[in-house]
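Notes follow once the structure below has been shown.
Note that ligands are numbered from 1 as they come in the structure, with each ligand's atoms numbered from 1 the same way. Numbers for residues simply follow the sequence, beginning at 1.
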Amino acid sequence: MNTEELITRIREAALLEGEFTLRSGKTSRYYLDKYLFETDPVILREVGRRLAERVRGFEDVTRVAGAELGGIPLVVSVSLELGIPSLLIRNQKKDYGTAKQFEGRLEAGDRIVLLEDVATTGGQALEAARLLRDECDAEVLAVIAILDREEGARENLEGAGFVFDALFERADMRMD
Ligand SMILES: O=P(O)(O)OC[C@H]1O[C@H](OP(=O)(O)OP(=O)(O)O)[C@H](O)[C@@H]1O
Ligand SMILES: O=C(O)c1cc(=O)[nH]c(=O)[nH]1
């Protein structure tokens, strides 16, 4: 699938117009409902392939990580594409059973690429990346998003010392 076709499919499946409150508390006239494209197998497969291509650009990646909920289909898809294990990040630790926040194997020194669906301020990705780097002694090689809404994510992530990349930017999705 070529890039223009993918953009058209994502827009048609998932781009909503209205009045939306975002995770950051900002309001927006546009919302990319990631679940509307992540649950479409044709789009998910293509997005997974493209994310996998970016992940291949980093050496010796031991794990692809993604946060609940939207990041989960992405890491599963990329993990299957590359044969690299995934790491699933909960928003909060469970308070029973294994009481974990990170599901899957995670070891000090793991070289991780963190996948994000939509990056707005980068807050969600930053939280996860910091936890992995600062509390788990993992190396976060990069944060790769599908869409950078260009509302501070790059500045915030790079300012905290992380490499940031995205398949698409706001203008590509014609969200202006
Ligand atoms: O860059 P930010 O300002 O942090 O905003 C973007 C984040 O917010 C949304 O997640 P949401 O809270 O909808 O979580 P979900 O994946 O659990 O649905 C989106 O999927 C990103 O993860
Ligand atoms: O910033 C957000 O919360 C956000 C923006 C967007 O376009 N899509 C989404 O799922 N979350």
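A salt bridge does not link E38 with R45: none of the charged nitrogens is closer than 4.0 Å to a carboxylate oxygen. Look at E151 and K26 and you find a salt bridge, because one of the NZ, NE, NH1 or NH2 atoms lies within 4.0 Å of a carboxylate O, short of that distance. We find that E53 and R56 are joined by a salt bridge, their nearest charged nitrogen and carboxylate oxygen being less than 4.0 Å apart. Ion pairing between a basic and an acidic side chain is recognised when a charged N comes within 4.0 Å of a carboxylate O; E68 and R90 show no such pairing. In this structure, E12 does not pair ionically with R174, as no charged nitrogen and carboxylate oxygen lie closer than 4.0 Å.
The shortest N or O to N or O distance between Q124 and ligand 1 is below 3.5 Å. Backbone and side-chain nitrogen or oxygen atoms of R149 are examined, and one is located within less than 3.5 angstrom of a nitrogen or oxygen of ligand 2. Ligand 2 has an N or O atom lying under 3.5 Å from an N or O atom of K34, backbone or side chain. By the 3.5 Å distance cut-off applied to N or O atoms, A125 is not counted among the residues near ligand 1. When only interatomic distances are considered, the shortest N/O to N/O separation between R23 and ligand 2 falls below 3.5 Å. Residue D117 has at least one N or O atom closer than 3.5 Å to an N or O atom of ligand 1. When only interatomic distances are considered, the shortest N/O to N/O separation between Y31 and ligand 2 falls below 3.5 Å. Of the N or O atoms in L32, one or more lie within a sub-3.5 Å distance of an N or O in ligand 2.
Of all the listed residues (V118, L69, L32), V118 holds the heavy atom that lies closest to atom 6 (C) of ligand 1. When the heavy-atom distances from atom 8 (O) of ligand 1 to E151, E68, R23 are ranked, the shortest goes to R23.
Distances from ligand 1 to the non-hydrogen atoms of A153 include no value under 4.0 Å.
Remark: minimum distance from atom 18 (O) of ligand 1 to any protein heavy atom is reached at Y35 OH, 2.5 Å. At the shortest separation from atom 3 (O) of ligand 1 among protein heavy atoms lies T121 OG1, 2.6 Å. Remark: minimum distance from atom 1 (O) of ligand 2 to any protein heavy atom is reached at T120 OG1, 2.6 Å. Protein heavy atom in closest approach to atom 22 (O) of ligand 1: E116 OE2, 2.9 Å. Protein heavy atom at the shortest distance from atom 10 (O) of ligand 1 is K34 NZ, 3.3 Å.
In V118, the part holding a heavy atom less than 4.0 Å from any atom of ligand 2 is the side chain.
Shown in contact with G70 at under 4.0 Å from a heavy atom are these atoms of ligand 1, numbered in order with element: 16 (O). Counting atoms of ligand 1 from 1 in the listed order, those under 4.0 Å from a heavy atom of A119 are 1 (O).
The main-chain N or O of A166 is found under 3.5 Å from a side-chain atom of R54 such that the two form a donor-acceptor pair. A donor-acceptor pair is defined here as one N or O able to donate and one able to accept, closer than 3.5 Å; such a pair exists between the side chain of R111 and the backbone of E59. Between the side chain of Y35 and the main chain of G70, a donor-acceptor pair closer than 3.5 Å is present. Using modelled atom types, no side-chain atom of S86 and backbone atom of A65 make a donor-acceptor pair closer than 3.5 Å.
For the residue pair T121/R149, the side-chain donor-acceptor check at 3.5 Å is not satisfied.
Tested against L32 for a side chain to side chain contact (heavy atoms under 4.5 Å, CB included), the candidates F37, F20, F168 yield a single pass: F37.
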**Prompt:** When you look at F102 and K100, which way does the side-chain contact (heavy atoms from CB on, under 4.5 Å) test go after all the steps?
**Reply:** CA-CA 6 Å; F102 300 100; K100 288 184 185 172; 5.7 Å; no
